[in-house]
Visitor: 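Submitted below is the structure of interest, expressed as structure tokens.
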Amino acid sequence: DMAVEAGAPVVVVESDRSLMKALITSEEPLVLGSAAEEVTLDAAGVKHAEAVVIATDDLETAAVACRTVRDRNPRCKLIVRCPDDDVGQALAKAYSARALSTSKAATQFVVAHAARAGTRRAIVMGTNRIGARAAAALEAERIQTTIIPETEDPAALERAGIREADLVVIADDDLGKN
């Protein structure tokens, strides 16, 4: 969406047709298929792309896609989202790519906000990778941190010490619930 808003031509590659309904309806360029398949990336035109963003959760697909993109287009900007920092660094080095970690970026934002706000006690709600990483980073900054599973239960929030918290970090994906 950001690239389209900036006026850049975009081709989306996705294997799950149900995620593409809006693009299909609006007749936006897309290729239904796996980024791990050379024929799919060829159909998307990576050979002529100025930039390629690989945003899959599957590390094997990301690695294969990086290799294919670099084989077809050695000069494009290559950005790969990678939940594992070590794997991201290896992909970045091997394929002259920029690796992005969403959990790392979110954690840096939370820690910077906590420092600006003078946070002394935080509750992190969500036991996923972002929640665990944020809790560890806050504790490293000597901020007393409690991590709890996501909940809608007021009693569970009270037990966690919600009234004494200076900061509550919600690291859950379900925005409707939050």
Side-chain angles (χ1 to χ4, degrees), residues 1-6 8 10-16 19-20 30-31 33-37 40-41 44 46 49-117 119 122-150 165-178:
D1 287 344
M2 290 172 22
V4 169
E5 287 174 17
V10 176
V11 177
V12 174
V13 172
E14 174 59 55
S15 58
D16 186 347
L19 296 175
M20 307 284 45
L30 66 99
V31 177
S34 171
E37 297 172 1
T40 302
L41 294 177
V46 298
E50 289 182 36
V52 175
V53 178
I54 300 169
T56 179
D57 290 329
D58 181 45
L59 293 178
E60 182 177 349
T61 297
V64 171
C66 282
R67 185 188 73 234
T68 301
V69 168
R70 274 296 165 243
D71 286 348
R72 304 299 197 268
N73 189 338
R75 290 179 290 287
C76 73
K77 292 178 186 171
L78 179 58
I79 302 161
V80 60
R81 185 186 60 137
C82 192
D84 184 298
D85 292 339
D86 294 334
V87 173
Q89 286 178 342
L91 290 174
K93 184 176 181 181
Y95 299 107
S96 299
R98 178 168 181 212
L100 300 176
S101 166
T102 50
S103 64
K104 183 178 182 179
T107 297
Q108 289 171 338
F109 175 83
V110 167
V111 170
H113 176 78
R116 282 192 310 273
T119 301
I123 294 176
V124 176
M125 190 174 5
T127 55
N128 57 21
R129 182 164 175 78
I130 293 173
R133 193 168 189 166
L138 289 166
E139 289 172 353
E141 294 296 318
R142 297 190 175 123
I143 296 171
Q144 183 184 353
T145 304
T146 303
I147 186 167
I148 63 171
E150 53 277 339
D166 301 314
L167 175 68
V168 176
V169 178
I170 301 173
D172 182 40
D173 293 336
D174 187 348
L175 296 179
K177 196 167 65 171
N178 295 322

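The structure displayed is predicted, hence computed values, not measured ones. Index from 1, following the sequence.
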Visitor: Under the salt bridge (charged side-chain N to carboxylate O under 4.0 Å, His left out) test, which residues partner Asp86, sequence neighbours left out?
Guide: none
Visitor: Determine whether Thr102 and Arg81 satisfy the following criterion, side chain to side chain contact (heavy atoms under 4.5 Å, CB included), listing intermediate values before the conclusion.
Guide: CA-CA 7 Å; Thr102 50; Arg81 185 186 60 137; 3.6 Å; yes
Visitor: Mind checking the CG-CD1 spacing from Leu138 to Ile147? Nearest 0.5 Å is all I need.
Guide: 10.0 Å
Visitor: To the nearest 0.5 Å, tell me how far Ile170 CD1 sits from Ile123 CD1.
Guide: 10.5 Å
Visitor: Would you give the length of the straight line joining atom NE2 of His113 to atom CZ of Arg116, rounded to the nearest 0.5 angstrom?
Guide: 6.5 Å
Visitor: If every non-hydrogen atom of Cys76 is compared with every non-hydrogen atom of Ala51, which pair is closest and at what distance?
Guide: CB-N, 4.3 Å
Visitor: Indicate the atoms forming the closest heavy-atom contact of Ala49 with Val52, along with that distance.
Guide: CB-CG2, 3.8 Å
Visitor: Once rounded to the nearest 0.5 Å, what's the spacing between atom CE of Met20 and atom CG of Leu30?
Guide: 6.0 Å
Visitor: Has Asp166 got a side-chain atom pairing as donor or acceptor with Ala117's backbone, closer than 3.5 angstrom?
Guide: no
Visitor: Once side chain to side chain donor-acceptor pair (under 3.5 Å) is applied, what residue pairs with a partner in residues 61-71 remain, sequence neighbours excluded?
Guide: Asp58-Thr61
Visitor: Is there a side chain to side chain contact (heavy atoms under 4.5 Å, CB included) between Val69 and Val46? Walk through the geometry before answering.
Guide: CA-CA 6 Å; Val69 168; Val46 298; 4.3 Å; yes
Visitor: Where is the tightest heavy-atom contact between Cys82 and Gly88, given as atom of each residue plus distance?
Guide: SG-N, 3.5 Å
Visitor: So which atom in Cys66 and which in Tyr95 form the shortest heavy-atom distance, rounded to 0.1 Å?
Guide: CB-CD1, 3.5 Å
Visitor: Answer yes or no: does atom CZ of Arg129 have more than 12 heavy-atom neighbours from other residues, nucleotides or ligands under 6.0 Å?
Guide: yes
Visitor: Report, one line per pair, each donor and acceptor closer than 3.5 Å where one atom sits in a side chain of residues 103-111; sequence neighbours left out.
Guide:
from   : atom 1 : to     : atom 2 : distance (Å)
Ser103 : OG     : Ser101 : OG     : 3.3
Ser103 : OG     : Arg133 : NH1    : 3.0
Thr107 : OG1    : Ser103 : O      : 2.7

Visitor: Has the side chain of Thr40 got a donor or acceptor atom that lies under 3.5 Å from a matching backbone atom of Ser34?
Guide: yes
Visitor: Atom CD of Glu150 and atom OG1 of Thr127: how far apart are they, to the nearest 0.5 Å?
Guide: 5.5 Å
Visitor: Roughly how far apart are Thr119 OG1 and Glu141 CD, rounded to 0.5 Å?
Guide: 11.0 Å
Visitor: How far apart are the C-alpha atoms of Val53 and Lys77, what are their side-chain angles, what is the distance that settles it, and do they pass the side chain to side chain contact (heavy atoms under 4.5 Å, CB included) test?
Guide: CA-CA 8 Å; Val53 178; Lys77 292 178 186 171; over 6 Å; no
Visitor: Taking all non-hydrogen atoms of both residues, which atom of Met125 and which atom of Val168 are closest, and how far apart?
Guide: CE-CG1, 4.5 Å
Visitor: Do you know the tightest heavy-atom contact between Val13 and Gly33?
Guide: CG1-O, 3.5 Å
